[in-house]
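One structure is given here, and the rest of the page talks about it.
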Amino acid sequence: MNLEKIEQVLQKEPNYRRKQVKKCLFQDLINDWSEATVLPLSLREELNKSFPISIEAETFISKNKKSVKALITLQDKEKIESVLMCYNDNRNTVCVSSQVGCSLNCAFCATGKEGFTRNLSFSEIIEQVLFFARFLKKENKKITNIVFMGMGEPLLNYDNVIKAIEILNDKDCFGLGIRSFSISTSGIIDGIKKLTEENKEINLAVSLNASNNKLRSQLMPINNKYPLDELLKTIDEYINRSRRKVMFEYIMIKGINDFDENALELSKIVKNRLCFVNLIPCNPTEKNFQPSPTKRIKKFKEILEKNKIVVTQRYLFGDDISAACGQLVGQNKKSDYK
Ligand code: SF4
């Protein structure tokens with residue numbers, strides 16, 4: 001799907017026609033322009049020819065039916081993965097990818113092992129959302145949240161990510177409230193600074209995963225470029241400007257970052273901030289990395305809470321279809337590391 005092409009097709013059309021086209025695509029969620037009977041036949045044919053909207057994807061549904069992974073084939077035949085997570089409180093969250101692969105090579109992540117291929121265009125980001133919006137429409141449900149936590153580092157594809165959010169937020173297009181978007185970053189300071197200047201109430205999540213620079217650089221090489229103290233200073237500016245609570249994600253890896261000392265250190269570095277810590281058991285994508293046992297996570301959580309840190313815990317979501325955190329690799333098989 002290429003939303004820039006649609007502009008070319010509609011160049012000579014009156015404004016009301018453009019609105020109709022947007023409504024068909026983003027609100028009526030048509031699968032093919034032939035369904036857009038409000039438009040003249042000649043325009044439908046032209047749109048079908050120049051701007052086809054079918055999406056090539058394979059879907060994988062988890063055993064508990066709460067998560068669905070889509071393996072989407074892009075026009076150049078590259079593959080990306082997106083995940084729909086349906087929660088009991090009626091939230092339907094779509095986790096989108098922002099890049100084909102990723103250059104940052106975090107030690108616990110399957111995407112990083114694949115290397116970086118290219119950035120996604122804003123249309124390709126939107127395509128992932130439309131796929132699941134159409135999917136949910138069949139069940140009379142809607143997307144309630146969009147999180148940039150799939151393949152890639154969203155702040156290294158800044159312009160396309162922001163443009164996609166603007167279109168998805170636009171009332172004439174998808175119309176999802178700005179507070180329903182979250183960007184998760186590995187800590188790209190320049191990107192967080194730019195986001196601060198946007199003055200938009202987008203939720204920021206920072207993948208922390210370690211309580212000190214030494215450990216963080218081992219797990220996330222990007223920490224060598226953007227060390228913790230500078231990162232935290234930049235996050236503070238974001239909080240001050242946006243007044244949004246920041247989420248610190250902490251993937252819990254058995255015997256690596258889940259000791260009592262790590263919990264104490266983590267408490268010290270995040271305290272007195274408008275934030276919360278989300279503990280995520282590591283997904284076994286790498287032979288050497290195993291999730292922390294439940295008891296360990298409980299103790300880690302208790303230490304944080306004793307130090308007045310708000311903590312949430314994410315449960316494994318879609319791990320049976322390799323749709324969980326760090327497992328997205330753009331191929332229709334389980335992670336090689338399983
Ligand atoms: S965790 Fe995120 S930033 Fe790190 S390699 Fe994986 S996709 Fe890239």
Side-chain angles (χ1 to χ4, degrees), residues 69-72 78-83 85 94-120 124-125 128 146-158 160-161 182-192 194-195 203-210 213 215-228 231 234-235 246-253 256-257 277-291 314 316-319 322-331 334-338:
K69 180 171 81 172
L71 180 72
I72 296 178
E78 290 293 347
K79 289 181 192 290
I80 50 164
E81 296 185 341
S82 324
V83 182
M85 293 162 288
V94 175
C95 171
V96 294
S97 294
S98 53
Q99 299 180 314
V100 182
C102 182
S103 60
L104 299 185
N105 200 20
C106 298
F108 47 81
C109 175
T111 308
K113 300 278 172 296
E114 298 280 296
F116 173 74
T117 304
R118 67 171 176 86
N119 280 334
L120 294 185
E124 290 168 330
I125 295 170
Q128 302 169 60
I146 295 172
V147 297
F148 286 81
M149 294 184 186
M151 296 163 68
E153 164 54 62
L155 294 184
L156 290 181
N157 186 13
Y158 189 90
N160 284 310
V161 166
S182 302
I183 293 180
S184 170
T185 177
S186 58
I188 306 294
I189 289 182
D190 301 338
I192 299 173
K194 266 166 112 178
L195 197 62
N203 301 304
L204 178 68
V206 179
S207 192
L208 212 53
N209 309 320
N213 274 316
L215 182 58
R216 194 163 192 269
S217 294
Q218 277 165 15
L219 294 174
M220 305 177 74
I222 191 67
N223 190 69
N224 290 313
K225 183 168 181 192
Y226 299 120
L228 269 177
L231 175 61
T234 313
I235 293 168
V246 164
M247 174 164 82
F248 288 109
E249 297 166 300
Y250 197 96
I251 293 180
M252 298 213 54
I253 312 169
I256 303 277
N257 65 354
V277 172
N278 190 21
L279 299 178
I280 309 160
C282 151
N283 284 296
T285 55
E286 171 73 63
K287 271 183 203 139
N288 302 330
F289 289 163
Q290 291 301 321
R314 192 189 299 170
L316 287 181
F317 227 106
D319 58 321
S322 285
C325 262
Q327 286 188 318
L328 302 184
V329 283
Q331 47 193 349
K334 287 207 165 212
S335 163
D336 289 339
Y337 303 105
K338 278 212 133 182

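Ligands are counted one by one from 1 in listed order, and the atoms in each one are counted from 1 as well.
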Checklist entry - Glu153 and side chain to side chain contact (heavy atoms under 4.5 Å, CB included): which partner among Ser98, Cys106, Ser207, Ser186? => result Ser186

Item to check | Cys106 N/O/S atom closer than 2.8 Å to atom 4 (Fe) of ligand 1 | outcome: yes

Checklist outcome for this item: d(Ile256 CD1, Ile251 CD1) to nearest 0.5 Å is 13.0 Å

Checklist entry - Can you list the ligand 1 atoms lying under 4.0 Å from a non-hydrogen atom of Gly152? => result 7 (S)

Item to check | Cys102, portion touching ligand 1 at heavy-atom distance under 4.0 Å | outcome: side chain

Item to check | Where Asn224 and Pro227 come nearest, the two heavy atoms and their spacing | outcome: O-CD, 4.4 Å

Item to check | From CG (Asp190) to CG (Leu195), nearest 0.5 Å | outcome: 12.5 Å

Checklist outcome for this item: Numbered in order shown, the ligand 1 atoms found under 4.0 Å of a heavy atom of Asn105 are 5 (S)

